[in-house]
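Reading through the C-alpha cells given below for one structure.
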Amino acid sequence: MASLSRFNSLSSRLHRSARAFSTAACLNRTLTHVDSAGNAHMVDVSHKAPTLRTAVARGYVQMNQETFGLIKQDRIKKGNVLSVAQIAGIQGAKSCPQLVPLCHPISLTKVSVSLELLDDAPLGHRVEIESQARCKGETGVEMEALCAVSAAALTIFDMCKAVSKEMRIGGICVKEKSGGKSGDWCSSKVE
C-alpha cells in the first residue's frame with residue numbers, strides 16, 4: 001500500500017511538471033488571433049507584401065459498398081454526387097470568411113476540387129477529395145482549401161444519407177502550402 005501511495009504521488013508530480021513544461025513551451029509561441037489581453041481579433045496584414053500563395057488540402061468520405069456503388073453508377077436520387085460536391089467545394093472556399101470568423105476575405109484567383117472513387121485497404125470504399133486554392137495576397141489560403149474539402153465532404157454525406165447514414169468524414173488536413181513569409185511547406189505525414 002505504501003509503495004502504491006508513493007507511486008501515485010510521484011505520478012501526480014510528474015504529470016503536473018509535464019503539464020507546466022507543456023504550458024511554458026506554448027507560451028513562447030504567440031497566437032496571432034489573440035491580443036495581449038486575450039481577446040480575439042482579426043490580424044492586421046496591411047504591412048505584408050502580396051505574394052502568390054497556394055494551399056492543397058485533402059480529406060475523404062468513407063461509406064459502405066452499396067453507397068459507393070450507387071455513386072459510381074450515378075444512381076443517387078439527388079443527382080450526380082461528384083459533380084455537385086465539386087461545385088459545393090468551390091463554393092465552400094469562396095464562403096470561407098462567412099464560416100470562419102477571423103478569416104480574412106481574400107480575392108481567390110483559383111479554386112479546384114477533384115474527387116476520386118477509391119476502394120483499397122485500409123480505408124475501403126470512399127471518395128477522396130483534394131482541393132487547391134490560390135491567390136495573390138497578403139495572407140494564405142489554407143483555410144479556403146480546408147473549407148473546400150469540408151463543403152465537398154458534407155455535400156457527399158447530404159446527398160447519400162438516404163442510402164446510409166453510416167458514412168464517415170475524415171482525414172481533412174492541409175497537405176502543402178506555398179508563398180508568404182513562412183515559405184513552402186509540405187506535410188510529412190503519409191495517410
Side-chain angles (χ1 to χ4, degrees), residues 25-26 28-35 39-63 71 80-118 120 122-160 167-191:
C26 288
N28 289 333
R29 292 184 158 181
T30 58
L31 299 173
T32 58
H33 288 78
V34 179
D35 67 17
N39 300 311
H41 71 100
M42 182 182 273
V43 176
D44 182 2
V45 295
S46 61
H47 64 282
K48 292 183 172 184
T51 62
L52 182 62
R53 297 164 183 265
T54 303
V56 175
R58 292 194 183 129
Y60 57 83
V61 181
Q62 289 176 296
M63 61 200 61
I71 293 171
N80 185 296
V81 173
L82 301 180
S83 294
V84 176
Q86 182 180 39
I87 298 299
I90 294 167
Q91 189 62 38
K94 292 165 49 176
S95 300
C96 187
Q98 284 77 41
L99 301 170
V100 182
L102 301 178
C103 192
H104 291 85
I106 60 175
S107 182
L108 292 167
T109 58
K110 179 177 177 59
V111 176
S112 63
V113 177
S114 62
L115 298 105
E116 184 178 8
L117 289 163
L118 294 174
D120 54 15
L123 296 176
H125 305 291
R126 68 192 181 284
V127 178
E128 288 274 345
I129 307 162
E130 181 174 290
S131 71
Q132 182 185 71
R134 184 178 295 153
C135 79
K136 187 170 186 180
E138 297 82 11
T139 189
V141 289
E142 295 91 341
M143 296 309 299
E144 287 74 12
L146 288 167
C147 280
V149 170
S150 299
L154 290 169
T155 299
I156 292 166
F157 192 99
D158 176 58
M159 292 186 73
C160 300
M167 293 171 284
R168 296 182 67 126
I169 295 172
I172 298 176
C173 61
V174 175
K175 296 305 284 182
E176 60 187 78
K177 60 82 71 187
S178 64
K181 183 174 133 183
S182 63
D184 297 352
W185 174 85
C186 188
S187 174
S188 59
K189 295 183 180 180
V190 177
E191 292 181 20

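Residue numbers count from 1 along this sequence.
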Does the Ser131 side chain pair with the main chain of Ala145, one donor and one acceptor, at a distance under 3.5 Å? yes

Supply the atom-to-atom distance Met159 CE to Thr155 OG1, rounded to the nearest 0.5 angstrom. 8.0 Å

Do you know the tightest heavy-atom contact between Thr139 and Arg53? O-CD, 3.0 Å

Taking Arg168 for the side chain and Met63 for the main chain, is one N or O donor matched with an acceptor at less than 3.5 Å? no

Indicate yes or no: at least one non-hydrogen side-chain atom of Tyr60 is less than 4.5 angstrom from one of Leu123. yes

Within the structure provided, determine whether Leu52 and Arg134 are in side-chain contact (heavy-atom separation under 4.5 Å). yes

Would you sort out whether Ser182 and Lys177 count as a side chain to side chain donor-acceptor pair (under 3.5 Å), showing the intermediate values? CA-CA 10 Å; Ser182 63; Lys177 60 82 71 187; 2.9 Å; yes

Are side-chain heavy atoms of Val56 and Val174 found at a separation under 4.5 Å? no

Would you give the length of the straight line joining atom SG of Cys96 to atom CD1 of Ile106, rounded to the nearest 0.5 angstrom? 7.5 Å

Could you walk me through whether Glu130 and Val149 pass side chain to side chain contact (heavy atoms under 4.5 Å, CB included), step by step? CA-CA 7 Å; Glu130 181 174 290; Val149 170; over 6 Å; no

Within the side chain of His104, is there an N or O that forms a donor-acceptor pair under 3.5 Å with the backbone of Glu138? no

Under the criterion side chain to side chain contact (heavy atoms under 4.5 Å, CB included), I'd like the reasoning laid out for Leu82 against Leu117: C-alpha separation, chi angles, the key distance, then a yes or no. CA-CA 9 Å; Leu82 301 180; Leu117 289 163; 4.2 Å; yes

Judged by atom type as modelled, is there a donor-acceptor pair below 3.5 Å linking the side chain of Gln86 to the main-chain atoms of Val113? yes

Contact between Asp120 and Arg126 at the side-chain level, heavy atoms closer than 4.5 Å - yes or no? yes

Taking the side chain as C-beta and beyond, is there a heavy-atom pair between Glu144 and Cys103 under 4.5 Å? yes

Hey, what do you get for CG (Asp44) to OG1 (Thr32), rounding to the nearest 0.5 Å? 12.0 Å

Search all heavy atoms of Val141 against all heavy atoms of Cys135 and return the closest pair with its distance. CG1-SG, 3.4 Å

Are Ser150 and Ile172 close enough that some pair of their side-chain heavy atoms sits under 4.5 Å apart? yes

Closest contact, heavy atoms only, Leu99 versus Cys147: CD1-SG, 4.4 Å

Is the shortest side-chain heavy-atom distance between Lys110 and Gln132 below 4.5 Å? yes

Close side-chain approach of Cys160 to Ile71, heavy-atom, < 4.5 Å: yes

Tell me if a side-chain donor or acceptor on Ser178 pairs with a main-chain N or O of Asp184 at a distance below 3.5 Å. no

How close do Met167 and Val61 get, counting heavy atoms only, and between which atoms? CB-CG1, 4.1 Å

Heavy atoms only: give me the nearest Lys175-Cys173 pair and the separation to one decimal. CD-SG, 3.5 Å

Can you name the closest pair of heavy atoms from Gly179 and Thr51 and give their distance? C-OG1, 4.2 Å

Between the CD1 atom in Ile156 and the CD1 atom in Ile169, the distance rounded to the nearest 0.5 Å is 8.0 Å

